[in-house]
Every structure is written in C-alpha cells, then in structure tokens.
Amino acid sequence: MRFGLCCLFLAEKISFRTTTAKVLSAMERKQALDKVSNICLHNSDNLLLAVQAAQRLGIGAFRIMSPLFPRMTHPEVGYRLEDLPQAETISTRLSATRAFSEEHDIRLSFHPDQFVVLSSPHAHVVENSVRELEYHAFLAELVGADVINIHGGGTYGDKPAALARFAEVFKRLPENVATRLSVENDDASYTVTDLLPMCMELGLPLIHDVHHHRCNPDGLDECEATDLAAATWRGREPYVHISSPREGWQGNPKPHSDYIDEADFPQCWLGRTMTVDVEAKAKELAVVRIMQAMNGRL
DNA sequence: GCATGTCAAGTTGTG
DNA sequence: CACAACTTGACATGC
C-alpha cells in the first residue's frame, strides 16, 4: 500500500504559482507569454522538488495541481508550450520529474476540477471539458502520470440518461485521455453502485472515495465497495481516497479536517495493494501521520 | 508590510 | 435567491 499527497505542501518550502485570465488579457501578448513562462518554469521546478520531497518522506504518490500551466486552455489567453520563451527548460524539468518518479516509483495523477463534466447536456460544457482533459493528458504524458480522475458530474434529474451521455463522450475521447481516465464516487450525486455498471462496460477504472461513500451511502458496505471498485482497475493498482470530517460525524461531515482520524481508516483496506490518496488540510504532515499510525498493520 | 477582493469554467444543496 | 462547497489559495491592489 502506498499513500498519496494531494497537490500542496504545508511545511516544506514548495509552492506553486498561478495567474488569472484577467491579468494576462490586460497585457501585450509577448509580455503575457513572458509572465506565464516564468510561472510555468517555477511550477515545473517545484514539481520536481515535490516528487523529491515525497520520496524523502516515504510518500508514494503525488496528485499534481491542475493549473500547473495556468490558463493554458483559456480561449483568449491560452497558449502552447512551444509559445513560451523558456519552453525548452520547462520540458527538461518535466522530463527530470518523470525520470525521478519512475526511478523511485512515485505514482503521479491529476484530478481536474469541477468544470470538467462529461455528463452535461450542454454541448459547450462537454466541449470545454474534453479540451481540459486533453490539456491534462498532455501534461500527464510529459511527467508520466497514469491517472486523470473526474466525477460523474450532474444528474439533471435523470442519472441513467446523464451516465449514458458520459459514456458516449468517453468513447470519443483521444487515446491518451481514455487510457488515463478514472471516475470517482462523489458526496452528493453518484455512488459506487451508480457508476459501477458504466465502469465495467467501458473498462473505466472507479476510484472509491470512502469519505464520499460515508456522506452519500448506497447500501454497499465499505469492503464491498472497495472490492467492486478495485476490480474495475483490471490488474492496475487501484486508487482510493480518504479524508476525515472537520466537524466530526455529528456536524456537517463534508468539509475535510487537518488530519486523518485513524478510526476512519477502513479495516478492510489493510494488507491491500493500492494507492490511498489522503485529502487533508495538513497535507504532507497528515500523510506522514496516518502512515505512521498505520505502520505495521498494512 | 498587510488586509481585502477577485479569480474561466458547473452543479448541487443549504440558508 | 444568493452563496458556499467541491481538492484549494495565491495574486493584484490599495492602504
């Protein structure tokens, strides 16, 4: 079992920069490309530092933040890597990240944000979503990430119809996206039970988020959900997600706490081969703490 | 320096 | 009906 860190560090001096479309659009094109080039290089440098820090801390997976190349897909201020003055240095840095990650078996993934909705009835939403997935796949190929994980999206009052739209879009995705895509149960709409038939049909891996499962239960117990989701990975190492509720289980359980409560770690995960992404505000400190708490029982 | 408002994008649930 | 939540802060601006 390996544990994964999501996007950011708390104590380590590793940071990622971003910018906004508004700022870039107020600049001359060349000036904007200079600015974004500096940010992309900074982020590529820090991504290498991130996987090195993960390796040093015994963390076996890292989720890369989506805006590694900020606003790359924006219709007005978007750009290609080769447009950036420092493109070559940036590529070199990403290759180094890939080489380091492969050498030390650090698994890399992406989790595009809520705007990626393949089940939407709106053509422009789906179109933007596919473009966003292509951007993630482009980065994934450069750094050697094997998973791009999204949610089912909205239900629009009819889950089967929404999932049918999802499936149709999936079948048209470019190969570099389709071979990396996974879908995760969420805390409001789609459960493991909802997603499983589509995942089996499409050969699409299902990520079991046990916190979402507890917020949005479907009758499966955690072991059943874990087993069924794991089978969709067809021999690849399954991913699962865990977090603890900030206000405890008696309050609103959805907001994430700083650390993982050991009691929230499913017993039936013990001894399994899988990647456990830790979604906790204390970031690498939370990952290290739960790894130590579970030490000897994995 | 530090506080504050803002930032592309979707959808759902809460007050 | 506005707004927070989602995986989540960081940047730009003005004092």
Side-chain angles (χ1 to χ4, degrees), chain A residues 4-10 14-27 32 35-36 38-39 42-43 46 50 61-79 109-136 147-159 162-163 165-166 169 182 184-191 194 207 209 211-212 215-216 239-247 251-258 260 276-284 286-287:
Chain A
L5 169 65
C6 299
C7 305
L8 300 169
F9 290 80
L10 193 63
I14 293 168
S15 67
F16 296 94
R17 295 177 54 202
T18 188
T19 187
T20 64
K22 187 174 181 173
V23 167
L24 294 178
S25 64
M27 303 169 92
K35 178 185 175 70
V36 90
N38 283 325
I39 293 175
H42 170 94
N43 289 350
N46 277 264
F62 184 67
R63 182 188 300 176
I64 301 170
M65 48 170 26
S66 291
L68 192 75
F69 288 5
R71 307 290 85 83
M72 191 180 207
T73 60
H74 189 277
E76 276 90 50
V77 302
Y79 52 91
S109 69
F110 289 91
H111 193 355
D113 55 33
Q114 59 271 32
F115 311 110
V116 174
V117 184
L118 299 189
S119 59
S120 177
H122 308 110
H124 70 279
V125 173
V126 174
E127 196 177 311
N128 290 342
S129 297
V130 172
R131 180 166 358 105
E132 195 63 20
L133 288 175
E134 288 170 344
Y135 155 75
H136 282 84
V147 170
I148 301 172
N149 176 47
I150 62 174
H151 290 289
T155 65
Y156 316 91
D158 186 345
K159 283 188 200 180
L163 290 180
R165 285 193 298 271
F166 187 116
V169 176
S182 66
E184 174 192 346
N185 63 305
D186 64 79
D187 60 13
S189 303
Y190 293 100
T191 64
D194 291 329
I207 291 188
D209 185 316
H211 185 69
H212 291 160
C215 294
N216 183 21
Y239 254 98
V240 294
H241 292 177
I242 189 166
S243 45
S244 282
R246 190 205 309 152
E247 304 162 23
N252 174 6
K254 293 181 181 180
H256 293 167
S257 62
D258 291 347
I260 304 302
V276 181
D277 262 3
V278 174
E279 297 179 339
K281 304 279 187 189
K283 294 299 164 192
E284 82 277 18
V287 181

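What you see below is based on every heavy atom in this structure, not just the backbone, and it leaves out hydrogens, waters and symmetry mates. Quick caveat: nothing in here was measured; it's all calculated off a predicted structure. Order of the sequence lines fixes the chain letters, A, B, ..., with proteins taken first and strands second; residue numbering starts at 1 for each chain.
When the C1' atom is used for both B:dG5 and C:dT7, the distance is 22 Å, rounded to whole Å. Comparing B:dC7 with C:dT8, their C1' atoms sit 13 Å apart, to the nearest whole Å. When the C1' atom is used for both B:dT6 and C:dA4, the distance is 16 Å, rounded to whole Å. A distance of about 12 Å separates the P atoms of C:dA12 and B:dA8, rounded to the whole Å.
Of all heavy-atom pairs between A:Asn185 and A:Thr191, the closest is CB-C, 3.9 Å. Looking at every heavy atom in both residues, A:Asp277 comes nearest to A:Gly4 through OD1-CA, 3.4 Å.
Rounding to the nearest 0.5 angstrom, the gap separating the NZ atom in A:Lys35 from the CZ atom in A:Arg17 is 6.0 Å.
Taking the side chain of A:His122 as heavy atoms from C-beta on, and the options B:dT11, C:dT8, B:dC7, the nearest nucleotide is B:dT11. Out of B:dT11, C:dT7, C:dT8, the shortest distance to the side chain of A:Cys7 is found at C:dT7. Of all nucleotides listed (B:dG13, C:dC11, C:dT7), B:dG13 comes nearest to the side chain of A:Ala188. Considering only side-chain atoms of A:Val117, the nucleotide from B:dT11, C:dA12, C:dG9 that sits closest is B:dT11. The side chain of A:His212 approaches C:dT7 more closely than any other nucleotide in the set B:dA8, B:dT12, C:dT7. Comparing B:dT11, C:dT7, C:dG9 against the side chain of A:Asp113 picks out C:dT7 as the nearest. With B:dG10, C:dG9, C:dT7 as the candidates, the nucleotide lying closest to the side chain of A:His111 is C:dT7.
Stacking between A:Phe115 and the base of B:dA9 is present: ring centres sit under 5.5 Å apart and the planes differ by under 30 degrees.
Here the C1' atom of nucleotide B:dG13 and the CD atom of A:Gln114 are 15 Å apart, to the nearest Å. The interatomic distance linking A:Phe110 (CZ) with C:dT8 (P) rounds to 18 Å, in whole Å. As a whole-Å value, the separation of A:His151 NE2 from C:dT8 C1' is 13 Å. Across the protein-nucleic acid pair, A:Ile150 atom CD1 and C:dC6 atom P stand 19 Å apart, rounded to whole Å. Distance CG (A:Leu24) to C1' (C:dA12): 12 Å, rounded to an integer number of Å. Rounded to an integer number of Å, the gap from NZ of A:Lys35 to P of C:dA10 is 15 Å. Between A:Arg17 atom CZ and C:dT8 atom P the separation is 23 Å, expressed in whole Å. Between the CZ atom of A:Arg71 and the P atom of C:dG9 there is a distance of 16 Å, rounded to whole Å.
Contact annotation for A:Pro70: no contact, since no heavy-atom pair falls under 4.0 Å across all strands. A:Glu76 comes within contact range of no nucleotide atom at all, as no heavy-atom separation falls under 4.0 Å. Backbone-only engagement by A:Thr155 is indicated by non-hydrogen atom pairs under 4.0 Å involving sugar-phosphate atoms exclusively. Residue A:Asp277 is classed as having no contact, given no heavy-atom separation below 4.0 Å to the nucleic acid. The residue A:Val77 sits apart from the nucleic acid: no heavy atom pair falls under 4.0 Å. A:His211 comes within 4.0 angstrom of no nucleic acid atom, judged by non-hydrogen atoms across all strands.
The side chain of A:Ser120 contributes an N or O atom lying less than 4.0 Å from OP1 or OP2 of B:dT11. Side-chain nitrogen and oxygen atoms of A:Lys281 include at least one within less than 4.0 Å of the OP1 or OP2 phosphate oxygen of C:dT8. Within the 4.0 Å cut-off from OP1 or OP2 of C:dA10, not a single side-chain nitrogen or oxygen of A:Thr19 is found.
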Between A:Leu8 and A:Met65, does the side-chain contact (heavy atoms from CB on, under 4.5 Å) criterion hold? Intermediate values first, please.
CA-CA 8 Å; A:Leu8 300 169; A:Met65 48 170 26; 3.5 Å; yes

Where does DNA chain B pair, written as one dot-bracket string 5' to 3', with Watson-Crick or G-U pairs under 3.5 Å, ( ) inside the strand, [ ] for crossing pairs and | for another strand?
|||||||..||||||

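Geometric assessment of A:Arg165 against the ring of A:Tyr156 yields a positive cation-pi assignment under the 6.0 Å and 45° thresholds.
The base of B:dA8 is paired with the side chain of A:Thr73 by a donor and an acceptor separated by under 3.5 Å.
Side chains of A:Ser182 and A:Asn149: a donor-acceptor N/O pair is present below 3.5 angstrom, by distance only. For the residue pair A:Glu184 / A:His241, a side-chain donor-acceptor distance below 3.5 Å is found, with atom types taken as modelled.
With hydrogens and angles ignored, the 3.5 Å screen pairs no side-chain donor or acceptor of A:Lys281 with any backbone N or O of A:Ala286. Using modelled atom types, no side-chain atom of A:Asn216 and backbone atom of A:His212 make a donor-acceptor pair closer than 3.5 Å.
Between A:Phe110 and A:His136, the two ring planes are perpendicular [angle over 60°; tilted spans 30° to 60°].
Between A:Thr18 and A:Leu8, the residue whose closest nucleotide on DNA chain C is further toward the 5' end is A:Leu8.
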